[in-house]
Amino acid sequence: MFDPVIAPSGTLLGLLQRGRGDGTLHALTAPRPEALAALNACVLHDPRHDWQVENRSLYYARLYLDLNGELDEIEAHLFDAADILDTDESRTGLALAVLGHLASYGRRDALELLRRYAARGSNWAWALDELALRDDDAALLALAAPVLARFPADPEGEAELAAAVRDAFEPRPWRLWAEDPRVSVATRVRAAQEAGSFDRWQRQMRPSGPRPGWSVRAVFEWAQQGVERGAALHVPAARCLTAVAGPDDRAEIIDAARHGDDGARCTALRYLADSHDPDVLDLIEAAHVAGSRLVVGAAVDAFERMRSVAAVERARRWAHRPDALGQAAGRVLACRGGAQDSELVLGALREAVRGDGPDAPTLCTLVDGAGRLGIACAAPVLRHVYRETASSHLRGRTARALAATDPSFPAGFAVECLWDCEETTREVAARHAETGDARVVDQLRRLAADPAEEAEVQTAVRSRIGPDTTAV
């Protein structure tokens with residue numbers, strides 16, 4: 001999947017792509033055809049950089065409801081010829097998730113569309129998972145035949161069926177089909193369930209990792225084998241060292257951290273950092289100067305995991321370095337520094353935005369640190385990140401930091417956050433948004449009554465309003 005192209009934050013499309021509350025508010029006041037065009041563009045071309053930590057489906061589904069939007073564009077996208085050629089779930093996953101939420105809100109057309117796609121589409125498993133949560137038994141039983149027809153009745157097809165049953169996110173349809181009165185359906189599904197369980201048992205009985213009785217050297221060799229295969233195993237290898245190594249092995253581990261091959265060196269640095277060895281900070285610095293890219297990354301990661309006083313003191317010395325270790329030092333201070341480190345954290349935050357923009361990977365930790373330390377003069381930078389970042393996950397963390405640093409937050413960004421795509425951001429808004437604006441009170445009541453809303457958001461809302469009282 002290619003990185004999405006994000007429109008400027010001042011446009012309706014840019015706001016909706018980011019999942020900002022202002023996107024909904026602007027869409028509701030824009031001409032309806034323009035708003036629906038922007039909404040469809042977002043749903044049909046997923047704007048998220050990381051779908052695992054960013055939410056959009058409920059946000060877009062609510063806007064379809066508010067606009068009384070038709071689903072013709074989604075239907076054409078799902079059943080386009082490209083569905084046969086491009087089977088990556090990222091092409092259709094967001095649209096299917098939006099349909100699932102719309103079905104929960106009672107949109108019959110969304111439910112019918114999901115049923116048709118589960119029977120005919122390439123990303124049928126996702127559609128089936130959406131239906132498993134929302135459809136009735138009779139409709140799910142009707143899908144058994146078209147779904148099973150995807151798998152030929154030969155050994156290869158049965159193996160693929162077993163894998164599909166084993167990996168299903170929602171098991172309800174398969175359990176229904178295992179009890180189907182049609183013998184041909186029930187027999188195949190039960191056999192697939194048994195084969196999937198047997199596959200899991202076989203994998204458990206044939207582990208490929210370390211064995212009891214391994215030596216320190218054997219663990220290092222295993223880690224290096226991973227490097228040669230392109231698999232970084234130094235993290236599990238370091239955990240193995242914890243079980244294998246004794247006091248007499250420290251010299252060997254120190255030597256590996258200084259002079260070992262990449263697998264051994266990464267493993268040793270991780271192990272020594274986790275055990276707070278007194279020499280590890282010097283070894284991390286030496287690895288950063290003279291190690292390979294893999295070793296440098298492992299050294300930086302090991303340093304960031306450390307929680308000792310010595311690590312924080314070293315971070316204060318390293319925070320001015322113009323390299324990866326200096327950036328890591330800023331993040332360590334953001335997580336574990338004190339009030340005296342506010343200037344260093346603020347400097348790291350400003351430098352990250354200047355150097356890498358409002359979507360820099362390091363910003364999550366630095367934004368959290370600005371909020372934790374209550375750095376009031378960080379508010380202008382935080383407001384910039386909030387407006388410009390394409391990551392709704394980072395924007396939510398920025399909203400929490402603004403709540404702790406910016407006196408204008410309750411009457412400003414907190415209001416639009418009530419319509420944000422992230423439930424954690426809506427929760428922050430529910431706790432802080434000023435209620436002088438009538439829109440705030442109406443939205444709080446809507447969130448409190450919406451069965452699709454997260455429990456944490458509704459708890460925050462109910463801490464502000466009662467069922468028959470005005471907001472306070």
Side-chain angles (χ1 to χ4, degrees), residues 207-338 341 344 348 361-362 365-366 369:
S208 59
R211 302 288 194 278
W214 271 27
S215 65
V216 168
R217 180 170 298 279
V219 172
F220 286 151
E221 290 173 353
W222 178 62
Q224 182 58 27
Q225 290 168 9
V227 171
E228 293 167 358
R229 297 196 310 269
L233 297 177
H234 61 274
V235 174
R239 289 197 295 268
C240 292
L241 275 189
T242 302
V244 167
D248 295 340
D249 298 305
R250 180 176 180 272
E252 181 180 357
I253 296 172
I254 292 287
D255 183 67
R258 285 199 179 102
H259 308 298
D261 52 31
D262 282 1
R265 201 170 184 186
C266 293
T267 301
L269 288 169
R270 179 76 170 220
Y271 169 81
L272 293 169
D274 287 350
S275 57
H276 300 290
D277 189 278
D279 292 334
V280 71
L281 291 167
D282 293 333
L283 292 169
I284 287 172
E285 187 170 21
H288 186 270
V289 171
S292 67
R293 179 179 297 181
L294 180 64
V295 171
V296 168
V300 169
D301 289 344
F303 171 58
E304 285 194 60
R305 287 174 53 83
M306 297 183 69
R307 286 166 170 75
S308 63
V309 173
V312 173
E313 291 175 349
R314 189 66 65 96
R316 290 173 181 140
R317 288 168 46 189
W318 288 346
H320 299 289
R321 295 175 61 130
D323 55 21
L325 204 53
Q327 294 173 358
R331 294 191 293 269
V332 168
L333 295 176
C335 293
R336 291 177 280 282
D341 302 308
L344 292 174
T362 191
T365 304
L366 296 174

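Please read these numbers as outputs of a predicted model, since none were measured by experiment.
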Engineer: If I compare all heavy atoms of A238 with all of R270, which pair ends up nearest, and what's the gap?
Structural biologist: CB-CG, 3.5 Å
Engineer: Identify the two heavy atoms, one from Y271 and one from A245, that lie closest to each other, and give their separation to 0.1 Å.
Structural biologist: OH-CB, 3.9 Å
Engineer: Is any side-chain heavy atom of H320 closer than 4.5 Å to a side-chain heavy atom of L344?
Structural biologist: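 They are in side-chain contact.
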Engineer: Could you tell me whether D282 and R314 make a salt bridge, using a distance below 4.0 angstrom between a side-chain N and a carboxylate O?
Structural biologist: yes
Engineer: Locate the shortest heavy-atom distance separating V295 from C266; write the atom from each residue and the value.
Structural biologist: CA-SG, 3.8 Å
Engineer: Nearest 0.5 angstrom please: L333 CG to T365 OG1, how far?
Structural biologist: 12.0 Å
Engineer: Do D277 and I253 make a side-chain contact, defined as non-hydrogen atoms from C-beta onward lying under 4.5 Å apart?
Structural biologist: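 D277 vs I253: side chains apart.
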Engineer: What pair of heavy atoms forms the shortest contact from D262 to S292, and how long is it?
Structural biologist: OD2-OG, 3.0 Å
Engineer: Any carboxylate oxygen within less than 4.0 angstrom of a Lys/Arg side-chain nitrogen, looking at E285 and R321?
Structural biologist: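 A salt bridge links E285 with R321.
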Engineer: Which heavy-atom pair separates D249 from V244 by the least distance, and what is that distance?
Structural biologist: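 For D249 and V244, the tightest heavy-atom pair comes out as OD2-O, 4.2 Å.
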Engineer: Could you give the distance from NE2 (H288) to CG (L325), rounded to the nearest 0.5 Å?
Structural biologist: 5.0 Å
Engineer: Looking only at heavy atoms, which two atoms of L269 and A257 are closest? And how far apart?
Structural biologist: CD2-CB, 4.1 Å
Engineer: With the side chain counted from C-beta on, respond yes when F220 and L241 share a heavy-atom pair under 4.5 Å apart, and no when they do not.
Structural biologist: yes
Engineer: Check R331, R316, R336 against D341 for a salt bridge (charged side-chain N to carboxylate O under 4.0 Å, His left out) and give me the one that passes.
Structural biologist: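 Only match with D341 under salt bridge (charged side-chain N to carboxylate O under 4.0 Å, His left out): R316.
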Engineer: Name the one of V312, D274, L272, V280 that satisfies side-chain contact (heavy atoms from CB on, under 4.5 Å) with M306?
Structural biologist: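 With M306 as partner, V312, D274, L272, V280 yield a single side-chain contact (heavy atoms from CB on, under 4.5 Å), made by V280.
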Engineer: Roughly how far, to the nearest 0.5 Å, is CZ of R305 from NE2 of H276?
Structural biologist: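 Reported value, rounded in 0.5 Å steps: 9.0 Å.
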Engineer: Taking side chain to side chain donor-acceptor pair (under 3.5 Å) as the test, write out the residues that go with D279, two or more places apart.
Structural biologist: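 For D279, the residues satisfying side chain to side chain donor-acceptor pair (under 3.5 Å) (neighbours in sequence not counted) are R250.
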